[in-house]
Amino acid sequence: MYLLETRALSQRFGSFHALRNVALQVRPASVHALIGPNGAGKSTLLNLLAGATRPVGGSIWLDGRDITALPVHRRARLGIGRSYQVVRLFEGLTCLQAAELAVQRDLPWREWVLPAGRRRVREQAHALLQQWRLGSWAEVETSSLAHGIQKRLEIALALANESRLLLLDEPMAGLTTQERAELADVIRELARDKAIVFVEHDIDMVMALADRVTVLHNGEILAEGTPQEVRAHAAVRAAYLHKEAAHA
Ligand SMILES: Nc1ncnc2c1ncn2[C@@H]1O[C@H](COP(=O)(O)OP(=O)(O)OP(=O)(O)O)[C@@H](O)[C@H]1O
Ligand SMILES: [Mg+2]
């Protein structure tokens, strides 16, 4: 049984076919990489999964339920979280304050306006920071954090509310080697009970981190499988890995 499935999903911009008949299958509690050359349709697919845009054809299923017509916030309530490519944090807040905002975001106000509720929000915010290994920055203002830590905090905040499915568009971009390794650890840990769909250009990172890999090319799925299967796939080598090697 898949947590997330798309059936014949298609997207068009004018007469340009950005995605054609995409059948993506994401297993629960797994790391699923989405790879492919620039313009392959990776971000377009994530936007459709998150509900930011509507497809011109096909459907999206979460846990056997058709969510194709649901807007972003309804999908968020069903457990779909996403991070953005550009860091967006409020100025002037500490990490803990930012985490509290994220925790209370989807709670009815009665749940957090009274002192007992506030304490619960604070505890959950602390737990969120711990889970993402951000505990030691709790009292630090977000604007004075290193870029890699900001990125991690942003992902943590996006996913504060018990997401079952996380959509991460190039979460490693702009991070140092050390920060990438740390984020990879966090993703692995999260995948114990969540599905993570992430876009990544670094093939070595994909091979090390992913349980499954889907290769997009010109808006179509070129291959799907374990990292080993995909690496051995002749068409993938020709269309993508070879090009990557040539760039290196
Ligand atoms: N809103 C839009 N209007 C018109 N064309 C678009 C729009 N969004 C994406 N496209 C086009 O659709 C194709 C797929 O874009 P997409 O951003 O999904 O690629 P990608 O795989 O994420 O690439 P990259 O690796 O560069 O991020 C590209 O040719 C892009 O120019
Ligand atoms: Mg993209």
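We count ligands from 1, going down the list as the structure has it; atoms in each ligand are counted the same way. What you see is a predicted model; the values in this text were computed from it and never measured. Just so you know, residue 1 is the first one in the sequence shown, and it goes up from there.
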Contact check: Ser43 to the Mg ion (ligand 2), N/O/S below 2.8 Å:
yes

Is Gly41 in contact with ligand 1, taking contact as a heavy-atom separation below 4.0 Å?
yes

Quick note on ligand 1: atoms under 4.0 Å from a heavy atom of Asn38 include exactly 23 (O), 24 (P), 25 (O), 26 (O)

Is it true that a side-chain atom of Arg7 and a backbone atom of Ile60 form a donor plus acceptor pair closer than 3.5 Å?
no

Could you tell me whether the side chain of His217 reaches within less than 4.5 Å of the side chain of Pro37, counting heavy atoms only?
yes

Gln11: heavy atom below 4.0 Å from ligand 1, yes or no?
no

Contact check, side chains of Gln124 and Glu100, non-hydrogen atoms, under 4.5 Å:
no

Can you name the nearest heavy-atom pair linking Arg164 to Leu62, along with the distance?
NH2-CD2, 3.7 Å

Measure from the side-chain N and O atoms of Arg75 to the backbone N and O of Ile67, and report whether any donor-acceptor pair falls under 3.5 Å.
yes

Out of Ala18, Ser43, Gly39, Ala40, whose heavy atom sits nearest atom 14 (C) of ligand 1?
Gly39

With heavy-atom distances below 4.0 Å as the criterion, list the atoms of ligand 1 near His201.
25 (O)

Atom indices of ligand 1, in the order listed, that fall short of 4.0 Å to a heavy atom of Phe16
11 (C), 12 (O), 13 (C), 29 (O)

Which of these, Lys42, Glu170, Glu200, has its nearest heavy atom closest to atom 21 (O) of ligand 1?
Lys42

Per the side chain to side chain donor-acceptor pair (under 3.5 Å) rule, which among Arg27, Arg188, His32 passes with Asp211?
Arg188

